Amino acid sequence: MKKNLLTFMLAASLSFPIFAQWQPAGNKIKTEWAEKIQVNNVLPEYPRPIMERGEWKNLNGLWKYAITNRGEKEPAAYEGDILVPFAVESSLSGVGKLVGENKELWYNRTFTVPANWKGKNILLHFGAVDWQADVWVNGIKVGQHTGGFTPFSFDVTPVLKKGDNQLTVKVWDPSDRGEQPRGKQVAEPGGIWYTPVTGIWQTVWLEPVAANHIAQVKATPDIDKKTLVMEVETSMPESQSIIEVKVMDGNKQIAKAAALNGQKIEINMPDDMKLWSPKSPFLYQTEIVLRDANNNVVDKVGSYAAMRKYSTRRDGDGIVRFQLNNKDIFLFAPLDQGWWPDGLYTAPTDEALFYDVQKIKDFGYNTIRKHVKVEPARWYTHCDQLGLIVWQDMPNGGRGPAEWQSRNYYNGPEAIRSEASEANYRKEWKEIIDALYSYPCVGIWTPFNECWGQFKTVEITEWTKKYDPTRLVDPASGGNHYQCGDMLDLHNYPQPHLDFYDAQRATVLGEYGGIGMAVKDHLWTPEKNWGYVKFNTPKEVTDEYVKYADILLKLVKKGFSAAVYTQITDVEEEVNGLITYDRKLIKVDEKRVKEINEAICNSLGE
């Protein structure tokens, strides 16, 4: 018996040595998925399903970390372990420390390149790092990136060596003390403002490619012309290579086209092409092949696309309506902040990431308003597959105008940003649009929320509309209103109310609701929480929700063309979610909510 016990203990120490070095930090509430974290297998799913290759290596897991004064050199010794890709302030990082604008966060780890990748170029990918990242491999700087919400990569082939390679990352993130887009992060969180997110918060990974390889794929459907246009960028745009695209319906190839590198590839779709919609989210699988001048295959990626169209049209009553695939549709969404009590910006697992999207679908909504945050690529693929239209906000940052006039067209002075602040905004907004362009689910771009950081509204709206004419643009959701873009967006709490109307654009209720209920043992701060209105039981919350929904249903006929309920989950001190922050309890009668939500989504017909 004693021998068996010693054998078990030895086996356990050999099997789980890495677990002993990491545990969640702090004593805040956590999701059930936090218990499923495996530090040697964190978020193992392929991180970029819109452009997938067969070979890759995940670099998530335990890294070394240190926090130093800003401007100091790399520390000689690191402070401990951090679990990547969870922000240093989060529980799941295992650290749970604030950094601030006067400090910098350092990461370090080793990696090896698989032997069978010999002769390939090696790309080092970061899903997202907030905010400024400097990267070294083997002591040689390979690049810098600014922007907390978009992917970036470096070709690190020239600096690699056999065996162990040293990867070092330095991050600076001033949160709300800086001039960069930062969403709801603040140095002193409270109310509707949340904990800072500093550092690596999406998957880090390696990928082997040919010297000339596919760098970006841009898919543009046109259901009226029955075409799918593919623009494929390569790492060597000057090369005389050929790009070939195949479109598949299941195992059946339905279309094919090719062009020289740099030329748009226009694919003729069949007359009976299948359209994407919330009720039928059909996705065509695509294969993109890069051939050299001798017709040899040098790169190949798998992707997908959908045939769908977002537009507006005036109906028989003179009301401007949204249309999907040339049919009227009422867009009904919950506000989705995308925060987690254990991972902050980062869901503990892909199962957790999927859960929120699935529950929104289960509740009967047809749209998600992604509120002042950008999600990992896999989140948008989940929306594509489940059939949820995404109303995508730009994460706010910077000072707004001195006045907020939400019930008239704005007649005051616009905010004037610093040169650095404006440059950051323009760079990051463009990168967000580029990163999300090919996801069929994305239907609306929102450059500003309320008047946070709102500046040059007409110019920014017109640029957004011109840069991506395939989507609708919401100039400033609930902000200072201008007669530009595709909609007038009102915020009313708690009940829906139509007190300002635009006869030339769609009029939408960009936020309403906020029905709160604090649930013991499921609270971020048990002693301090709030909602716009508060109730004590699921029945009371459901009754109030249905009451507001009935009001909204009547207002559809009077002019509203979309609405967003606040919100899908509690977030930190906010307790106005349909689901608790830890995702362990649904706070409403799901069946009743689904019934009224589907009635609203179908209010303009099938």
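Everything quoted here is computed from the prediction, not taken from an experiment.
Classification of K584 and D521 as a salt-bridged pair fails, no side-chain N sitting under 4.0 Å from a carboxylate O. A salt bridge between D356 and R583 is present, with a side-chain N of the basic residue lying under 4.0 Å from a carboxylate O of the acidic one. Checked for salt-bridge contact, K30 and E35 miss the test: no charged N lies under 4.0 Å from a carboxylate O.
Side-chain N or O atoms of K36 include none that pairs as donor or acceptor with a backbone N or O of T349 at under 3.5 Å.
No cation-pi contact links R182 to W131, judged by a cut-off of 6.0 Å to the six-membered ring centre and 45° from its axis. Geometric assessment of R308 against the ring of F282 yields a negative cation-pi assignment under the 6.0 Å and 45° thresholds.
Between the side chains of Q216 and D434, no donor-acceptor pair of N or O atoms lies under 3.5 Å. Side chains of T195 and E89: a donor-acceptor N/O pair is absent below 3.5 angstrom, by distance only. Neither side chain, Y345 nor S90, offers a donor N or O lying under 3.5 Å from an acceptor on the other.
Counting only heavy atoms from C-beta outward, the side chains of Y310 and I389 approach each other to under 4.5 Å.
Checking each of K373, R369, K370 against D393 for a salt bridge (charged side-chain N to carboxylate O under 4.0 Å, His left out) leaves exactly one that passes, namely R369. Evaluated for a salt bridge (charged side-chain N to carboxylate O under 4.0 Å, His left out) with E207, the options R48, K57, K120 yield exactly one hit, R48. Tested against Q392 for a side chain to side chain donor-acceptor pair (under 3.5 Å), the candidates W445, Y439, Y380 yield a single pass: Y380.
In plain terms, the two heavy atoms of W524 and P341 that are nearest each other are CZ3-O, 3.3 Å.
Ring geometry for H145 against F152 counts as parallel: the plane angle stays under 30°, on a 0 to 90° scale with 60° as the upper cut. Using cut-offs of 30° and 60° for the angle between ring planes, the W205 and W56 rings count as perpendicular. Ring pair Y425/W429 is tilted by interplanar angle, where 30° to 60° counts as tilted.
Annotation: Y65 is not in aromatic contact with W106 [ring centroid separation under 6.0 Å not met].
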